[in-house]
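Both counts, for ligands and for their atoms, begin at 1 and track the order of listing. Keep in mind the model is a prediction, meaning the values are calculated, not measured.
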Amino acid sequence: MWRIFLYFGATITDMSIISECTASVLKDAASALKAGHLVAFPTETVYGLGVDAQNEAAVARIYKVKGRPKDHPLIVHISSIQNLDKWARQAPEYATNLAARFWPGPLTLILPKTDIAKDFITGGQGCVGIRVPDQSIAQALLKEFENRGGFGVAAPSANRFGKVSPTSAKDVEDELAEYLGDKDLILNGGICQVGLESTIIDCRSERPNILRPGAITKNMIEETAGIEVVAYSVNDQIKVSGVFKTHYAPKASIFLAGNPDKGDGFIALAKYNTPEGTIRLAAPKDHTQYAQQLYQALRLADQKMIKKIYVIPPYGEGLAIAINDRLNKAASK
Ligand code: TXA
Ligand code: MG
């Protein structure tokens, strides 16, 4: 009886492919990346599914694991602004200023690429997306990877294409474990601090163009760049998030207006009471918490097999813009 218990105990533990991040695990993870394996890792925004950005065969696996269209470009993650020149060129002054001010941080810059950024990273475009994440595990992993001769780690959010981005290692495991191989890894870094994907800025024109709103807000960008931005204008010449209808979507349907029925999910700031009979999925105190808890709440709805989620979106500028952007896309399924 005892042996059977131990046997099952061992089996259950072995089933999880999440690694706790000791210094030696981080070194192994960097070596795994260099050898062409996939490593999911925490960032301050969401978890990324990392791969050596120069390894074409390994990058091809990312598209398979995510179920993502092949021509959709990937963000390259580097450990510091010092490595920017390897991947990007002709950065306008405002882009260098933004990088100096907000890196490490939740900001991705789109810039003309160097020859190192191949078509399999850029989706065949002449530009590359670069980010320096502000998370200790991500930083350590990138530095170890660079110590092994790597130039950058391409990492989309570690979810299946069109689904909710993961903000915990368990989310990544639930979403991708069945598609990962024996030598791939998921690093545990707890819950992501920001909870929404980085702000993406196209820096190829005279004025910065926000392609995806995030925690680095329009005001913050304008203050640092000293130029008015072109906000949220995605043109069809650039392949970017959100042009697909089902982005950030849970299985449940999302409603941003109307009255919930008994058994429906409910998300709103804490100041709103829970309508009778509904299931409260999140009650954030402010917009920072709203961003941090939103994806967790959407996943919780699916786990509870809730079919409809009613949301009171946050009102205002700044981070509220990013939250509303994701809510609108999740609701337009
Ligand atoms: O916060 C984040 O940005 C997370 C973490 C892991 O860093 N990453 C992330 O990656 O959200 P992903 O692939 O899920 O979304 C990145 C978006 C994609 O929609 C892609 O089209 C756009 O960035 N992108 C990447 N490179 C680009 C490029 N060269 N030109 C235009 N858009 C690009
Ligand atoms: Mg994504």
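Residue R68 has at least one N or O atom closer than 3.5 Å to an N or O atom of ligand 1. The shortest N/O to N/O separation between C127 and ligand 1 falls below 3.5 Å. The shortest N or O to N or O distance between R131 and ligand 1 is under 3.5 Å. The N/O atoms of E197, backbone and side chain alike, include none that comes under 3.5 Å of an N/O atom in ligand 1. For ligand 1, the polar-atom distance check finds an N/O of Q125 within less than 3.5 Å of one of the ligand's N/O atoms.
Near G48, the atoms of ligand 1 lying under 4.0 angstrom from a non-hydrogen atom of the residue are 6 (C). Of all atoms in ligand 1, listed by their number and element, those nearer than 4.0 Å to a heavy atom of G129 are 26 (N), 29 (N). Atoms of ligand 1 found under 4.0 Å from any heavy atom of H77, numbered from 1 in the order shown, are 5 (C), 6 (C), 7 (O). Short contacts between ligand 1 and R212, defined as distances under 4.0 Å to a heavy atom of the residue, involve ligand atoms 2 (C), 3 (O), 9 (C), 11 (O), 15 (O), 16 (C), 17 (C). Near I110, meaning under 4.0 Å from one of its heavy atoms, ligand 1 places the atoms 27 (C), 28 (C), 30 (N), 31 (C), 32 (N), 33 (C). Listed by number with element, the atoms of ligand 1 under 4.0 Å from a non-hydrogen atom of S198 are 1 (O), 2 (C), 3 (O). Taking every non-hydrogen atom of T45 and a distance limit under 4.0 Å, the qualifying atoms of ligand 1 come out as 1 (O), 2 (C), 4 (C), 5 (C).
Interatomic distance, K66 NZ to K163 NZ, rounded to the nearest 0.5 Å: 11.5 Å. Atom OH in Y295 sits 5.0 Å away from atom CZ in R326 (nearest 0.5 Å).
Judged purely by distance below 3.5 Å, without hydrogens or angles, the side chains of E197 and S165 pair a donor atom with an acceptor atom. With 3.5 Å as the limit, one finds no donor-acceptor pair spanning the side chains of D71 and Q125.
For atom 12 (P) of ligand 1, the choice among A215, S157, A155, A40 with the nearest heavy atom turns out to be S157.
Residue-level proximity to ligand 1 for P156 is carried by backbone and side chain together, each with a heavy atom below 4.0 angstrom. If you look at L74 next to ligand 1, the close heavy atoms, those under 4.0 Å, all belong to the backbone. Using a 4.0 Å cut-off between heavy atoms, E44 makes no contact with ligand 1 at all. Heavy atoms of V128 found under 4.0 angstrom from ligand 1 belong exclusively to the backbone.
Ring pair F266/Y310: centre-to-centre distance not below 6.0 Å.
With N324 contributing its side chain and P314 its backbone, the two residues share a donor-acceptor pair below 3.5 Å. A donor-acceptor contact shorter than 3.5 Å is absent between the side chain of Y290 and the backbone of A282.
Hydrophobic cluster membership is shared by I130 and F151, with clusters built from Ile, Leu, Val, Met, Phe, Trp and Tyr side chains linked at under 4.5 angstrom.
Applying the 6.0 Å contact sphere to CD of E222 captures more than 12 heavy atoms from other residues, nucleotides or ligands.
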Return all side-chain donor-acceptor pairs below 3.5 angstrom for residues 98-120, not counting sequence neighbours, or 'none' if the list is empty.
residue	atom	partner	partner atom	Å
W103	NE1	L107	O	2.8
T108	OG1	S198	OG	2.8
K113	NZ	A117	O	2.9
T114	OG1	K86	O	2.6
T114	OG1	W87	O	3.4
T114	OG1	I116	N	3.3
K118	NZ	D115	O	3.0

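Here S165 does not reach the Mg ion (ligand 2): none of its N/O/S atoms is less than 2.8 Å from the metal.
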- Tell me, with the steps shown, if T217 and N219 meet side chain to side chain donor-acceptor pair (under 3.5 Å). CA-CA 5 Å; T217 64; N219 275 351; 5.6 Å; no
Is there a side chain to side chain donor-acceptor pair (under 3.5 Å) between R131 and T43 once you walk through the steps? CA-CA 11 Å; R131 178 161 113 79; T43 80; 3.0 Å; yes
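Within the 4.0 Å heavy-atom shell around ligand 1 one does not find K113. Not a single heavy atom of P133 sits less than 4.0 Å from an atom of ligand 1.
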